[in-house]
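Atoms within a ligand are numbered from 1 in the order they appear, just like the ligands themselves.
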Amino acid sequence: MVQALVLVGGFGTRLQPLTTDTPKPILDMVGRPFFSYMIDWLESHGVDEVILACGFLPDQIQEVLGGGSPRGPKLRYLVEPEPLGTAGAIRFAAPYLAERFLALNGDSLADLDLTSLWESHIEREARISLGLYPMEDPSDFGLVEIDEEGLVRSFTEKQTGAGQGLISAGAYVMEHEVLDLIPGGRSVSIERDVFPLLVDNGLYGLSLDGYWKDIGTYDRYREACWDIIEGRVKSGVEHNAEGVFIAPGAEVSSEAWIGPRAVIGTGCRVGAGARITDSVLLEGCRIGENANIHGSILSPGVTVAEDVAVRNMVLGRNERIDA
Ligand code: GTP
């Protein structure tokens with residue numbers, strides 16, 4: 001049995017107002033709750049139990065995802081009394097975790113090869129193995145350096161102009177005994193407080209093939225949508241080159257211009273002459289005739305009046321943009 005503990009307790013502040021009353025794991029992404037892509041990814045690497053380490057709005061997450069689909073991995077939920085940080089949340093789950101398990105951040109869209117990570121972890125007799133991902137411009141992330149055996153040599157904080165490098169993809173294989181290194185009852189970060197303790201002491205990294213994107217900012221959330229629709233990441237969604245997805249139940253005028261790159265959520269209505277490019281409209285938005293939406297994300301229930309232009313904006317639930 002392979003178990004995955006997934007951290008989903010964060011507030012998702014960088015995605016507000018999209019995440020003000022909808023936690024990141026169930027934010028809609030191309031017609032599905034985001035976390036369903038994670039479940040498929042984990043299942044494809046043999047995971048049969050997913051434990052969600054929750055904090056912010058746990059009931060909503062549980063209501064949407066439930067116990068898992070009958071043939072997929074079983075889903076279980078733990079709720080921290082207060083945010084314990086990425087390592088604190090893993091320690092909090094200790095009584096439920098197997099001798100060896102996967103731990104992941106719950107906000108990445110990915111199809112990375114977790115099976116290789118698991119196998120190399122066993123071969124190397126590692127204590128923690130970090131899934132690493134090569135990035136052209138890693139300036140938003142910390143860099144991880146490994147030697148030819150895969151031993152982690154150093155971590156470098158975020159910096160600009162660093163050039164191509166390996167970043168941590170927030171996906172780890174861990175031995176249960178390392179949880180003893182995490183102090184209990186307070187907020188502890190795995191990246192800052194735990195990994196440095198294990199350099200030269202069983203901490204390995206492996207560069208993984210495949211796709212990876214942290215969806216935690218507006219731009220990356222939209223990019224992830226296009227990557228799903230245009231087929232750059234393995235997912236069950238049908239591809240098309242224009243990057244357009246219109247959910248069943250959306251009413252789009254045959255005289256509207258949709259795309260390139262647009263998601264029109266279920267229950268949306270788009271009037272004649274409207275133009276929607278590079279934008280995501282979540283459930284139930286109303287777009288008036290000849291309105292022009294570009295580079296934007298609209299929360300559920302947004303109304304845009306006719307003839308209005310909305311450019312590079314992120315709108316909160318039920319906002320109205322009038323002429
Ligand atoms: P921002 O507020 O925009 O930084 O987003 P975030 O709250 O998701 O934080 P961040 O992206 O740094 O978190 C990475 C992952 O860890 C996300 O999947 C979070 O849900 C999760 N996470 C962060 N802090 C905690 C915590 O204290 N407890 C739990 N259970 N999960 C956490």
Side-chain angles (χ1 to χ4, degrees), residues 3-27 29 33-39 41-42 47 50-62 64-65 75-97 101-110 112 114 128 130-133 135 138-142 144 155 157-158 167-172 174 179 182-195 212-224 297 299 314 316:
Q3 206 182 33
L5 175 71
V6 189
L7 305 179
V8 294
F11 293 101
T13 44
R14 286 166 300 163
L15 278 175
Q16 286 171 355
L18 306 173
T19 46
T20 304
D21 53 15
T22 304
K24 221 183 322 186
I26 56 166
L27 189 60
M29 185 169 269
F34 164 69
F35 201 78
S36 69
Y37 296 98
M38 279 206 83
I39 296 172
W41 171 40
L42 295 172
V47 170
V50 179
I51 302 177
L52 290 93
C54 303
F56 179 57
L57 301 177
D59 297 347
Q60 280 197 39
I61 300 178
Q62 197 162 350
V64 171
L65 301 175
L75 307 187
R76 297 177 67 180
Y77 300 84
L78 294 177
V79 183
E80 289 150 45
E82 64 199 345
L84 292 173
T86 42
I90 301 175
R91 190 196 141 111
F92 183 75
Y96 307 94
L97 293 170
F101 59 92
L102 280 163
L104 303 104
N105 284 347
D107 56 356
S108 308
L109 178 69
L112 296 179
L114 296 175
I128 300 189
L130 312 182
L132 304 177
Y133 183 67
M135 269 215 160
S139 50
D140 282 352
F141 302 89
V144 182
F155 296 94
E157 282 299 315
K158 305 173 176 75
I167 62 147
S168 166
Y172 325 115
M174 294 178 73
L179 302 181
I182 305 172
R186 66 172 172 90
S187 177
V188 187
S189 155
I190 191 142
E191 297 86 357
R192 282 194 306 277
D193 304 325
V194 179
F195 294 159
W212 178 86
K213 183 159 284 162
D214 154 2
I215 63 137
T217 66
Y218 303 148
D219 285 347
R220 290 204 290 266
Y221 168 82
R222 275 189 306 126
E223 284 163 20
I297 310 174
S299 292
V314 178

Novice: Tell me, which protein residue and heavy-atom name are nearest atom 2 (O) of ligand 1, and how many Å apart are they?
Specialist: Thr13 OG1, 2.5 Å
Novice: Could you tell me, atom by atom, which parts of ligand 1 come under 4.0 Å of a heavy atom of Gly106?
Specialist: 18 (O)
Novice: Of all the atoms in ligand 1, which lie at a distance below 4.0 Å from a heavy atom belonging to Phe11?
Specialist: 7 (O)
Novice: Counting both backbone and side chain atoms, is some N or O of Leu15 under 3.5 Å from an N or O of ligand 1?
Specialist: no
Novice: Atom 20 (O) of ligand 1: which protein heavy atom is closest, and how many Å away?
Specialist: Gly10 N, 2.8 Å
Novice: Give, for atom SG of Cys54 and atom CG of Asp59, the distance between the pair rounded to the nearest 0.5 Å.
Specialist: 9.0 Å
Novice: Taking C-beta and beyond as the side chain, do Leu102 and Val47 meet within less than 4.5 Å on heavy atoms?
Specialist: yes
Novice: What part of Asp107, side chain, backbone, both or neither, has a heavy atom within less than 4.0 angstrom of ligand 1?
Specialist: both
Novice: For Lys24, counting its heavy atoms only, list the atoms of ligand 1 lying under 4.0 Å from any of them.
Specialist: 5 (O), 6 (P), 8 (O), 11 (O)
Novice: Tell me, which protein residue and heavy-atom name are nearest atom 10 (P) of ligand 1, and how many Å apart are they?
Specialist: Arg14 NH2, 4.1 Å
Novice: Should the ring pair Tyr133 and Trp212 be called parallel, tilted or perpendicular, given that the plane angle runs from 0 to 90° and is split at 30 and 60?
Specialist: tilted
Novice: Using modelled atom types only, decide if a donor and an acceptor are shared between the side chain of Thr22 and the backbone of Thr19 within a distance under 3.5 Å.
Specialist: no
Novice: Measure the distances from the heavy atoms of Gly12 to every atom of ligand 1 and state whether one is below 4.0 angstrom.
Specialist: yes
Novice: If you measure from CG on Leu52 to CG on Leu5, what distance do you get to the nearest 0.5 Å?
Specialist: 8.5 Å
Novice: Main chain of Ala110, side chain of Ser108: is a donor-acceptor contact present, judged purely on distance under 3.5 Å?
Specialist: no
Novice: I need the nearest protein heavy-atom contact for atom 31 (N) of ligand 1: residue, atom name and distance, please.
Specialist: Gly9 N, 3.0 Å
Novice: Show the atoms of ligand 1 that are less than 4.0 angstrom away from any heavy atom in Pro83.
Specialist: 27 (O)
Novice: Counting heavy atoms only, name the option from Asp214, Asn105, Leu7 that's nearest to atom 18 (O) of ligand 1.
Specialist: Leu7
Novice: Output the list of atoms in ligand 1 that are nearer than 4.0 Å to some heavy atom of Leu84, sorted by atom number.
Specialist: 27 (O)
Novice: Hey, looking at atom 28 (N) of ligand 1, which of Glu80, Glu82, Glu191 has the closest heavy atom?
Specialist: Glu80
Novice: Quick one: look at Val6 and ligand 1, take heavy-atom pairs under 4.0 Å, and tell me if it's side chain, backbone, both or neither.
Specialist: neither
Novice: Please list, in number order, the atoms of ligand 1 under 4.0 Å from a heavy atom of Ala89.
Specialist: 28 (N), 29 (C), 30 (N)
Novice: Kindly say whether Ala103 contributes a backbone atom to a donor-acceptor pair with the side chain of Gln3 at under 3.5 angstrom?
Specialist: no
Novice: Under the criterion side chain to side chain contact (heavy atoms under 4.5 Å, CB included), which of Leu75, Leu78, Leu7, Val6 is the partner of Ile51?
Specialist: Leu78
Novice: Counting each atom of ligand 1 from 1 as listed, which ones have a heavy atom of Gly85 under 4.0 Å away?
Specialist: 26 (C), 27 (O)
Novice: Quick check on the 6.0 Å ring-centre criterion: do Phe101 and Tyr96 meet it?
Specialist: no
Novice: Output the distance between atom CZ (Arg220) and atom CG (Leu109), rounded to the nearest 0.5 Å.
Specialist: 12.5 Å
Novice: May I ask you to test the Leu114-Trp41 pair for a side-chain heavy-atom distance under 4.5 Å?
Specialist: yes
